[in-house]
Structure formats: structure tokens, C-alpha cells
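Single-structure report; data block below.
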Amino acid sequence: DTGVSQDPRHKITKRGQNVTFRCDPISEHNRLYWYRQTLGQGPEFLTYFQNEAQLEKSRLLSDRFSAERPKGSFSTLEIQRTEQGDSAMYLCASSLGAHEQYFGPGTRLTVT
Amino acid sequence: GESVGLHLPTLSVQEGDNSIINCAYSNSASDYFIWYKQESGKGPQFIIDIRSNMDKRQGQRVTVLLNKTVKHLSLQIAATQPGDSAVYFCAEIGRGSQGNLIFGKGTKLSVKP
């Protein structure tokens with residue numbers, strides 16, 4: 001296993017369009033996290049799954065955002081009706097248990 | 001407000017010198033801390049972690065110190081190399097939380113050859 005992977009690495013979209021990102025965690029990891037990072041800032045927590053159950057969502061996750069992990073393996077993060085303020089790096093991390101989260105390379109979203 | 005912060009936004013060191021990156025946290029209930037390294041355009045890379053029942057932990061060329069009395073965390077990098085140039089974040093997990101990390105803003109380490 002080569003670690004957490006994310007696809008696409010870059011996405012440019014027009015305001016109002018929907019986008020979907022995918023994360024493939026480290027295979028034996030039961031926990032999966034989504035974070036958002038803007039330039040010059042640390043990552044901010046968005047949501048977290050344990051297996052297929054979404055157990056926690058941040059207040060940052062507006063109604064336009066939805067995340068799924070249907071079979072407890074890969075996860076998708078969808079943003080509907082994108083806004084310019086959604087431009088950021090979207091990071092996925094996975095862990096076995098509550099600690100030692102390993103991050104993927106991120107998906108950089110640019111909303112024009 | 002942020003629970004985790006950093007004392008210095010930038011740090012410049014000479015190759016071969018030791019680096020010390022500091023971090024202050026405000027949540028005394030936090031019981032797990034991690035240092036991450038992030039290079040430009042990449043995701044954060046796990047460096048070392050420490051639990052609140054410890055005050056020191058060593059890895060390969062890195063040492064993390066935790067002072068719970070003053071709520072201070074530091075990362076020491078021995079014999080700093082050009083490849084260590086990156087932004088370093090400390091992050092914490094609060095006791096009883098689901099495991100979501102709270103990050104500070106980061107310190108940019110620049111290593112001069």
C-alpha cells in the first residue's frame with residue numbers, strides 16, 4: 001500500500017458547478033477524515049468516518065457539502081453549487097484507531 | 001478561537017545546525033499531540049507524536065518535548081538539512097474527542113546551505 005491517495009489532484013470549476021473528490025485510505029485503516037486547508041493556514045477539520053458511519057461533522061460543512069463512505073473503504077466529498085470561497089486544498093487522512101492520521105496529497109480546488 | 005498556536009511564523013537556520021520549533025496550546029484537556037511537516041503542494045507528513053502522559057519522545061533526528069505546566073510543545077530537529085525545509089504544524093486531539101485534529105498556523109523552516 002502506498003498510502004492515502006486522492007483524485008483529482010487539481011480541479012478548476014466555474015462558480016455554481018458541482019464537484020466531487022475521491023479519497024482512498026490506507027487499506028486497513030477504519031477511520032477516514034476530511035480537512036480543508038487555505039493558503040497559509042493549517043488544515044481545518046470537516047468530517048470523519050469510522051468504517052461507513054459518518055460520526056462527526058464540523059460547522060464548516062455547510063449544506064452544500066456532502067461526504068460518503070459507502071462500503072467503509074473509499075470516500076467521496078461533493079460540493080454543490082460551488083462558490084469562490086470554496087477554493088482551497090481538500091485533504092483526506094486515514095488512521096487505525098484515534099491517532100496517527102496519515103494524509104493524502106490533497107485535491108486543490110479553484111473556483112472561478 | 002484556535003486552540004493551538006505557534007510562537008514564530010518563520011525560522012531560518014544554517015545547514016547542520018539544530019532547529020527548534022515551538023507551539024503553544026490552550027486546551028489543557030488535550031491528550032495527544034502530533035507534529036506534521038508539509039512541503040509545498042503536498043499533504044502533511046506525520047513526523048512524530050506524543051501523548052500527554054509523556055514529556056519527551058525521540059525519533060530519528062527529531063525530538064518532541066511536552067511541557068504540560070505551561071502548555072508548550074516543541075519539535076527539535078538535529079543537524080538540519082535542506083530537505084527539512086517546509087512548513088511545520090503542531091496539532092492536538094482533545095481528550096474524549098472523536099479524533100479530529102486541531103492545527104495551528106504553522107512555522108516555515110528555511111535551511112540555508
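None of the values given here were measured: they were computed from a predicted structure. Below, all heavy atoms of this structure are taken into account, side chains as well, without hydrogens, waters or symmetry copies. Residue numbering restarts at 1 for every chain, and letters A, B, ... go by the order of the sequence lines.
Neither the backbone nor the side chain of B/Q45 comes within contact range of chain A; no heavy atoms are under 4.5 Å apart.
Put simply, the residue from A/F45, A/W34, A/Y48 that forms a side-chain contact (heavy atoms from CB on, under 4.5 Å) with B/N100 is A/F45.
Contact residues of residues 9-23 of chain A toward chain B are A/R9 (heavy-atom distance under 4.5 Å).
Both A/L32 and A/F65 are members of a single hydrophobic cluster when ILVMFWY side chains are connected at heavy-atom separations under 4.5 Å. Hydrophobic clustering (ILVMFWY, side-chain heavy atoms < 4.5 Å, transitive): B/V62 and B/F33 are in one cluster. Residues B/I48 and B/Y25 are members of one and the same hydrophobic cluster, defined by side-chain heavy-atom contacts under 4.5 angstrom among Ile, Leu, Val, Met, Phe, Trp and Tyr. Note: the hydrophobic cluster containing B/I47 also contains B/L73 (ILVMFWY, side chain heavy atoms under 4.5 Å, direct or indirect links). Both A/Y102 and B/F103 are members of a single hydrophobic cluster when ILVMFWY side chains are connected at heavy-atom separations under 4.5 Å.
By the neighbour-count criterion of 12 heavy atoms within 6.0 Å, atom NZ of A/K57 is sparsely surrounded, having that number or fewer from other residues, nucleotides or ligands. In this structure, A/D63 places its CG atom where only 12 or fewer heavy-atom neighbours from other residues, nucleotides or ligands lie under 6.0 Å away. Environment of CD in B/E39: crowded, with over 12 heavy atoms of neighbouring residues, nucleotides or ligands closer than 6.0 Å. Within a 6.0 Å radius of CD in B/Q14, other residues, nucleotides and ligands contribute more than 12 heavy atoms.
Aromatic pair A/F103/B/F46: ring centres not closer than 6.0 Å.
The closest donor-acceptor contact from the side chain of B/Y32 to the backbone of A/E100 lies under 3.5 Å.
Across all non-hydrogen atoms, the minimal contact from B/L101 to A/Y35 is N-OH, 2.9 Å. For the pair A/Q41 and B/F89, the tightest heavy-atom approach, listed with the atom from each and the gap, is O-CZ, 3.8 Å.
Taken from CD1 in B/I93 to CD in A/Q101, the straight-line distance is 5.5 Å, to the nearest 0.5 Å. Distance check: A/L91 CG to B/Q38 CD gives 6.5 Å after rounding to the nearest 0.5 Å.
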